[in-house]
Colleague: 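Here it is, the structure in full.
In the text below, chain A, chain B and the rest are named by the order of the sequence lines, each starting its count at 1.
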There are 2 protein chains.
Amino acid sequence: MPTLTAAARRERERDSYNAYLAECPSHNLLAQISSKWVTLLLAALSAGPLRYSDLSRAIPSVSQKMLTQSLRTMERDGLVVRTVTAAVPVRVDYELTALGGSLVGLMTQVKDWAESHMDNVYEARREYDSRAAAEPVATLNKRG
Amino acid sequence: MPTLTAAARRERERDSYNAYLAECPSHNLLAQISSKWVTLLLAALSAGPLRYSDLSRAIPSVSQKMLTQSLRTMERDGLVVRTVTAAVPVRVDYELTALGGSLVGLMTQVKDWAESHMDNVYEARREYDSRAAAEPVATLNKRG
DNA sequence: CAGAATCCTCGGCGATACTG
DNA sequence: CAGTATCGCCGAGGATTCTG
């Protein structure tokens, strides 16, 4: 028996690593903004302010729960502003802040990258899949 | 009762929307690359090729399962190449492809954005939280 | 209209054990 | 060393219902 099992070592190392992650703001924030709904909402709002129901209609696949939840965190992070107009039916508008606007620009770049490299990815996948299908069971036994 | 309940409408609209999402390559790919482990692996491999055990040590928090799983999808998507050297203990190296390299560049930009805007986000959060704490229970009853 | 609250499901992910 | 296979937890998120 070694001084430390692999699992034990990983466990101990993870402790310090988690501490690092908790401290690491960029990684934290990155996880937030890479959320599916945040991405879609950012895109939807890039054209201009929208009401709650507008957003719901613009992104039909989102549930009320996730719509509200996502908008709340985005508001909390200063990506959108929420404006309540006290009318007979209450009216709430959501609008990108300058901060949100700058993020949209970046997300657009990522989107562009994805679009311009989709062919490569799909080609790679087809190739990978066909190779995997043609391969015998015991891969490691093959000699090149 | 209207011709369609809100839920029913959403359900129908989601059908067409899901079809759109399934067709939408960039969104699909975006979800992939925004994975926590993919991000970390991309960063780890940006410095150069690494072995499986190297990666495991570089990212202690990742389990074998997720490490293997993430590397497989990245390989399938053409982001990394997997090189098996048939030695006495088998040796496997992972290396970024040109495609993976270009993605690293973009992720770095996102990371930079996150870092340079963390102050704004944190400030927004503090403000939001303090406002929320100071707020009375029935928000909507307040008259401006 | 714009949510809040509740219940429940599904799958991502970690832990563990085994293999060539 | 570099995985594969299996089990089980937990939390993200959908469906539903209620409110100001």
Colleague: With nearest nucleotides of DNA chain D determined for B:Asp93 and A:Ser35 from heavy-atom distances, which residue corresponds to the more 5′ nucleotide?
Modeller: B:Asp93

Colleague: For B:Arg72 and D:dT4, is the shortest distance between a side-chain N/O and OP1 or OP2 below 4.0 Å?
Modeller: yes

Colleague: Would you name the heavy atoms of A:Leu99 and A:Ser102 that are closest together and state the gap between them?
Modeller: O-OG, 2.7 Å

Colleague: What's the closest nucleotide to the B:Tyr94 side chain, out of C:dA2, C:dC13, D:dG3?
Modeller: D:dG3

Colleague: What is the separation between atom CE on A:Met66 and atom C1' on C:dA2, rounded to the nearest whole Å?
Modeller: 17 Å

Colleague: Is the phosphate of C:dG3, meaning OP1 or OP2, less than 4.0 Å from a side-chain N or O of A:Arg82?
Modeller: yes

Colleague: Would you kindly check whether a donor in the side chain of A:Gln64 faces an acceptor in the base of D:dA15, or vice versa, at under 3.5 angstrom?
Modeller: no

Colleague: Under the side chain to side chain donor-acceptor pair (under 3.5 Å) rule, collect the residues that match up with A:Asp129, sequence neighbours excluded.
Modeller: B:Arg76

Colleague: With hydrophobic residues grouped by side-chain heavy-atom distances under 4.5 Å, do A:Val81 and A:Met74 end up in a single group?
Modeller: no

Colleague: If the helix axis at each end comes from five base pairs, how far does the helix from C:dC1-D:dG20 to C:dG20-D:dC1 deviate from straight, to 10°?
Modeller: 50°

Colleague: Considering just the side-chain nitrogens and oxygens of B:Arg51, establish if one lies under 4.0 Å of OP1 or OP2 belonging to D:dC1.
Modeller: no

Colleague: Taking the side chain of A:Arg57 as heavy atoms from C-beta outward, which of D:dC1, D:dG14, C:dC1 is closest to it?
Modeller: C:dC1

Colleague: Does A:Tyr52 place a side-chain N or O at less than 4.0 Å from the phosphate oxygens OP1/OP2 of C:dA4?
Modeller: no

Colleague: Roughly, in whole Å, what's the span from CD in A:Gln69 to P in D:dG11?
Modeller: 14 Å

Colleague: Check B:Val104 against B:Ser46 and note the closest heavy-atom contact, atom names and distance.
Modeller: CG1-CB, 3.9 Å

Colleague: When the distance from NZ of B:Lys36 to P of C:dG11 is rounded to whole Å, what number comes out?
Modeller: 21 Å

Colleague: Return whichever of A:Pro89 or A:Thr68 has its heavy-atom-nearest nucleotide of DNA chain C closer to the 5' end.
Modeller: A:Pro89

Colleague: Provide, to the nearest angstrom, the distance between the CG atom belonging to B:Leu41 and the C1' atom belonging to C:dC13.
Modeller: 15 Å

Colleague: Report the distance from atom CG of A:Leu55 to atom P of C:dG3, rounded to the nearest whole Å.
Modeller: 10 Å

Colleague: Check the hydrophobic clustering (I, L, V, M, F, W, Y; side-chain heavy atoms under 4.5 Å; chains of links allowed) and say if A:Val62 and A:Val92 are grouped together.
Modeller: yes

Colleague: Sub-3.5 Å donor-acceptor pair from the side chain of A:Ser56 to the main-chain atoms of A:Ser53, do we have one?
Modeller: no

Colleague: Could you state whether A:Val121 and A:Tyr128 fall into the same hydrophobic cluster, counting links through intermediate Ile, Leu, Val, Met, Phe, Trp or Tyr residues with side-chain heavy atoms under 4.5 angstrom apart?
Modeller: no

Colleague: Does A:Ser53 have a side-chain nitrogen or oxygen under 4.0 Å from the phosphate oxygens OP1 or OP2 of C:dA2?
Modeller: yes

Colleague: To the nearest angstrom, how far is A:Leu67 atom CG from C:dG3 atom P?
Modeller: 8 Å

Colleague: Rounded to whole angstrom units, what separation is found between the CH2 atom of B:Trp37 and the C1' atom of C:dG12?
Modeller: 12 Å

Colleague: Where is the tightest heavy-atom contact between A:Ser70 and A:Leu41, given as atom of each residue plus distance?
Modeller: CB-CD1, 3.6 Å

Colleague: Checking contacts here: which listed nucleotide (D:dC7, D:dG20, C:dT6) is nearest the side-chain heavy atoms of A:Lys65?
Modeller: C:dT6

Colleague: Give the rounded distance in Å between these two atoms: CD1 of A:Ile59 and P of D:dG13.
Modeller: 14 Å

